[in-house]
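Every chain is numbered from 1, with letters handed out A, B, ... down the list of sequences. Quick note: numbers below take in every heavy atom, side chains included, and nothing from hydrogens, waters or symmetry partners.
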There are 2 protein chains.
Amino acid sequence: MREIKKVEEKETAVTLSRFGVRPLSHRVAIYQYLLGTKNHPTADTIYTELKPSLPSLSRTTVYNVLNHLCEKGAVRRVTIEDHESRFDADIRDHIHFKCSQCQQVFDLFEVNFPRLEIPEGFSATSVQVNIEGVCPHCKSGR
Amino acid sequence: MREIKKVEEKETAVTLSRFGVRPLSHRVAIYQYLLGTKNHPTADTIYTELKPSLPSLSRTTVYNVLNHLCEKGAVRRVTIEDHESRFDADIRDHIHFKCSQCQQVFDLFEVNFPRLEIPEGFSATSVQVNIEGVCPHCKSGR
DNA sequence: ATATTTGCAAATAATTTGCAGTCGA
DNA sequence: TCGACTGCAAATTATTTGCAAATAT
C-alpha cells in the first residue's frame with residue numbers, strides 16, 4: 001500500500017513537471033489532494049485536511065502553492081464565491097453549479113460548454129461559466 | 001438642472017419600488033450611481049465616489065444597500081474578482097470580460113449569451129459567464 | 001553556494017456584526 | 001409609536017507580506 005502511494009506521488013510529480021512546476025513535497029501533496037476531490041475546496045479546507053498528515057504545513061505555503069499552481073496552469077481558480085477562492089485540478093472546460101442552500105459546488109460536465117466568439121481585439125485566456133440555484137438534493141426537501 | 005435631477009430621482013425611486021425595494025434616499029443614490037456607470041464598481045469605489053456629495057453615507061450602508069438590491073434582483077453581483085464583489089445595475093444577461101492587465105471589466109453584449117440546458121433536478125436562478133484575457137487597448141502595446 | 005521555498009507573526013483588505021440612535025409611515 | 005434603517009467601531013475572514021531559517025540543486 002505504501003508502495004502504491006509512492007507510485008502515485010511519482011506520477012503526480014511527473015504531471016507537475018510537465019506544467020513547469022518543480023515537484024516539491026508540499027506541492028505534490030496539495031496537487032494530489034486536489035486531484036482526489038470533486039469538492040472545489042477553499043485554501044482553508046485544503047490546509048485543514050492536509051495538516052494532520054503534514055504537520056509541518058503552513059497556511060502561507062498553501063496559498064503560495066495554490067497561486068503557483070494556478071499561474072502555471074495546473075489548477076483552476078474557481079471564482080464562484082463572493083470573497084473566497086475555490087480550486088479545481090480538473091482543467092478541462094466545464095460548468096460549475098453552486099447550490100445557494102447547501103453551498104456546495106458541483107461540476108456539470110453533462111452541459112455543453114458554450115463556444116463563444118470572442119470579439120476582435122480581445123484575446124481570452126480563460127472562460128468561466130457559473131450557475132447558481134438549487135441542487136436536486138436540496139430541492140427534494142433537504 | 002436641479003429639476004432634472006429631481007425627476008431622475010423620482011423615476012429611479014419608481015423602478016426600485018417595482019423591485020420591492022423601498023426607495024430610501026441612500027438606496028436611490030447608490031442605485032442611480034450604478035445605473036450611470038459601466039465600470040462594475042466595487043463597494044469601496046461606490047462609497048468613495050458618493051461620499052463627497054452624501055457626507056452622511058457610511059460604508060456599512062453601502063454594503064447593506066448593495067446586499068439588499070442584489071437580494072431583490074435590482075442589481076447583479078459580479079463575481080469575477082478573486083476576493084471582492086463588483087456590482088452591475090444592468091440585469092440583462094450579458095458576458096463580462098476582465099482584462100488581466102488593466103484590471104478593467106467590460107460588458108460583452110455583442111457575444112451571444114449561451115442557452116444552457118440545466119440538467120434535470122437542478123433549478124437555476126442565475127448564470128454568469130466570465131472571460132479573462134487581454135483587452136484591445138492593452139494588447140496594442142498599453 | 002545560491003536561489004527558491006517555507007513558516008511564523010504581523011499586516012492588509014473586504015465584509016459583517018452589535019448596538020445605540022435616527023428616520024419614515 | 002414601531003419597525004426599518006443608519007453609522008460607528010470592533011470583530012471576522014481571506015489573503016499577503018517581511019523576514020529569518022530551511023531546503024533543493
Side-chain angles (χ1 to χ4, degrees), chain A residues 9-10 12-14 16-17 19-31 33 39-72 74-75 77-87 98 103 105, chain B residues 9-10 13-14 16-17 19-31 33 40-72 74-75 77-87 98 103 105:
Chain A
E9 272 167 21
K10 206 149 281 171
T12 312
V14 171
L16 282 180
S17 303
F19 282 108
V21 175
R22 264 213 290 176
L24 307 174
S25 68
H26 288 173
R27 288 177 175 172
V28 173
I30 290 171
Y31 184 57
Y33 175 77
N39 294 327
H40 317 84
T42 64
D44 201 68
T45 305
I46 297 170
Y47 172 74
T48 311
E49 292 283 307
L50 252 37
K51 182 73 176 175
S53 52
L54 275 165
S56 79
L57 185 67
S58 78
R59 243 185 207 85
T60 308
T61 300
V62 174
Y63 282 107
N64 282 343
V65 169
L66 289 172
N67 285 341
H68 193 241
L69 293 178
C70 286
E71 250 169 53
K72 294 298 187 172
V75 163
R77 183 186 299 267
V78 181
T79 312
I80 199 171
E81 302 282 349
D82 296 355
H83 38 275
E84 148 176 74
S85 294
R86 288 171 169 271
F87 298 89
K98 183 187 165 197
Q103 310 294 321
V105 176
Chain B
E9 272 166 21
K10 206 149 280 171
V14 171
L16 282 181
S17 303
F19 282 109
V21 175
R22 262 213 292 174
L24 306 173
S25 67
H26 288 172
R27 287 177 176 174
V28 173
I30 290 172
Y31 184 56
Y33 174 77
H40 317 86
T42 64
D44 200 69
T45 304
I46 297 170
Y47 172 74
T48 311
E49 294 283 306
L50 252 37
K51 182 73 175 174
S53 51
L54 275 164
S56 78
L57 185 67
S58 78
R59 235 179 274 271
T60 307
T61 299
V62 174
Y63 282 107
N64 283 342
V65 168
L66 289 172
N67 285 340
H68 194 239
L69 292 179
C70 286
E71 250 169 52
K72 295 298 187 170
V75 163
R77 183 187 299 267
V78 181
T79 312
I80 199 171
E81 302 282 350
D82 296 356
H83 38 277
E84 151 175 72
S85 293
R86 289 171 170 271
F87 298 89
K98 183 186 166 198
Q103 309 294 320
V105 175

Integer-rounded Å distance: [N] [atom2] and [X] [atom1]:
X        : N       : atom1 : atom2 : answer
His26(B) : dA4(D)  : NE2   : C1'   : 15 Å
Leu69(B) : dC5(D)  : CG    : P     : 11 Å
Phe87(A) : dA14(D) : CZ    : C1'   : 10 Å
His83(A) : dT16(C) : NE2   : C1'   : 8 Å
Glu71(B) : dC5(D)  : CD    : P     : 11 Å
Arg22(A) : dT2(C)  : CZ    : C1'   : 11 Å
Lys51(A) : dT6(C)  : NZ    : C1'   : 12 Å
Tyr47(B) : dT16(C) : OH    : P     : 16 Å

Please determine whether side-chain hydrogen bond (donor to acceptor under 3.5 Å, both in side chains) holds for the pair Asn67(B) and Arg77(B), giving the CA-CA distance in whole Å, both sets of side-chain angles, and the decisive distance to 0.1 Å. CA-CA 9 Å; Asn67(B) 285 340; Arg77(B) 183 187 299 267; 2.8 Å; yes
Flag side-chain contact, heavy atom, 4.5 Å: Ile80(A) against Thr79(B):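 Of all side-chain heavy-atom pairs linking Thr79(B) with Ile80(A), none is under 4.5 Å.
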With heavy-atom distances below 4.5 Å as the criterion, would you say the side chains of Asp44(A) and Arg59(A) are in contact? yes
To the nearest 0.5 Å, what is the distance between NZ (Lys72(A)) and CZ (Arg22(A))?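 Interatomic distance, Lys72(A) NZ to Arg22(A) CZ, rounded to 0.5 Å: 11.0 Å.
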For the atom pair OG1 (Thr61(B)) and CG (Leu66(B)), what is the distance rounded to the nearest 0.5 Å?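 Going from OG1 on Thr61(B) over to CG on Leu66(B), the span is 10.5 Å.
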Whichever of Asp82(B) and Pro55(B) has its nearest DNA chain D nucleotide further upstream toward 5':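 Closest to the 5' end, via its nearest nucleotide, is Pro55(B).
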Minimum heavy-atom distance Glu81(A)-Gln103(A), with the two atoms named: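 Shortest heavy-atom separation between Glu81(A) and Gln103(A) comes out as OE2-O, 4.4 Å.
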Strand-adjacent residues in residues 57-67 of chain A, judged by heavy atoms under 4.0 Å from DNA chain C: Leu57(A), Ser58(A), Thr60(A), Thr61(A), Asn64(A)
Nucleotide nearest Leu24(A) when distance is taken to its side chain, options dG24(C), dT15(D), dA24(D): dA24(D)
Quick one: list whatever passes side chain to side chain contact (heavy atoms under 4.5 Å, CB included) with Ala74(B), sequence neighbours left out. Leu16(B), Phe19(B), Tyr31(B), Leu69(B)
Pick base, sugar-phosphate or nothing for Ser85(A), based on heavy-atom distances below 4.0 Å to the nucleic acid.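 Contact class for Ser85(A): sugar-phosphate only.
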